[in-house]
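Accompanying notes for the structure given below.
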Amino acid sequence: MNWSPPPPGLCKVNVDATTFNDIRSTGIGIVIRDSMREVVAALCKKLEAPLGPLEAKSKAFEAGILFALSCGFTDVVLEGDL
């Protein structure tokens with residue numbers, strides 16, 4: 001799967017998550033890029049919760065939306081693999 005930029009005037013919020021069963025936690029990664037492919041914000045976060053893969057991905061999308069809003073981005077495209 002190749003990454004493609006969002007339409008002009010929008011940002012793309014890419015999210016991903018992973019679970020660490022041995023330490024009962026979840027990792028979330030978020031990257032926000034503009035239509036020129038420039039990274040405008042990024043975040044990684046550890047959740048002290050042993051989530052399943054679908055729950056972890058859902059939390060990543062939620063965190064991506066909240067992070068984009070906190071950075072002042074309201075018109076975004078969300079993207080993540082399932």
Side-chain angles (χ1 to χ4, degrees):
M1 183 171 163
N2 292 326
W3 186 88
S4 60
L10 297 179
C11 285
K12 185 177 273 190
V13 180
N14 286 92
V15 302
D16 204 358
T18 190
T19 57
F20 302 101
N21 293 331
D22 55 334
I23 58 173
R24 300 181 51 81
S25 64
T26 301
I28 291 175
I30 303 162
V31 176
I32 302 176
R33 292 179 184 245
D34 63 16
S35 60
M36 300 299 292
R37 300 176 182 259
E38 296 292 321
V39 174
V40 295
L43 173 76
C44 61
K45 189 175 188 176
K46 180 181 176 187
L47 303 176
E48 300 293 337
L51 303 176
L54 185 57
E55 294 168 306
K57 187 63 75 171
S58 297
K59 279 292 186 186
F61 275 104
E62 177 187 33
I65 292 167
L66 294 174
F67 181 56
L69 288 172
S70 73
C71 292
F73 301 111
T74 56
D75 296 324
V76 300
V77 176
L78 292 171
E79 185 174 85
D81 59 352
L82 292 177

Distance-only criterion, 3.5 Å: show the donor-acceptor pairs between side-chain atoms of residues 19-31 and protein atoms not counting sequence neighbours.
unit_1 : atom_1 : unit_2 : atom_2 : d
Thr26  : OG1    : Ala49  : O      : 2.8

Legend entry - Under 3.5 Å donor-acceptor, Lys57 side chain and Gly80 backbone: no
Legend entry - Cation-pi check, Arg37 onto Trp3 ring (under 6.0 Å, within 45° of axis): no
Inset, instruction - Can you sort out the partners of Glu62 under side-chain contact (heavy atoms from CB on, under 4.5 Å), two or more places apart, ordered by chain and number? - result: Lys59, Leu66
Legend entry - Distance-minimising heavy-atom pair for Ser35 and Pro6: CB-O, 3.4 Å
Inset, instruction - Among Ile65, Val13, Val40, find the residue that satisfies the side chain to side chain contact (heavy atoms under 4.5 Å, CB included) test when tested with Phe73. - result: Val40
Legend entry - Contact check, side chains of Lys12 and Ser4, non-hydrogen atoms, under 4.5 Å: yes
Legend entry - Sub-4.5 Å side-chain heavy-atom contact between Ile32 and Val76: no
Inset, instruction - Say whether Phe61 and Leu47 are linked into one hydrophobic cluster, either directly or through other cluster members, by side-chain heavy-atom distances under 4.5 angstrom. - result: yes
Inset, instruction - Establish whether Leu78 and Leu43 are linked, either directly or via other cluster members, by ILVMFWY side-chain heavy-atom contacts under 4.5 Å. - result: yes
Legend entry - Euclidean distance, Thr18 OG1 relative to Leu51 CG, rounded to 0.5 Å: 11.5 Å
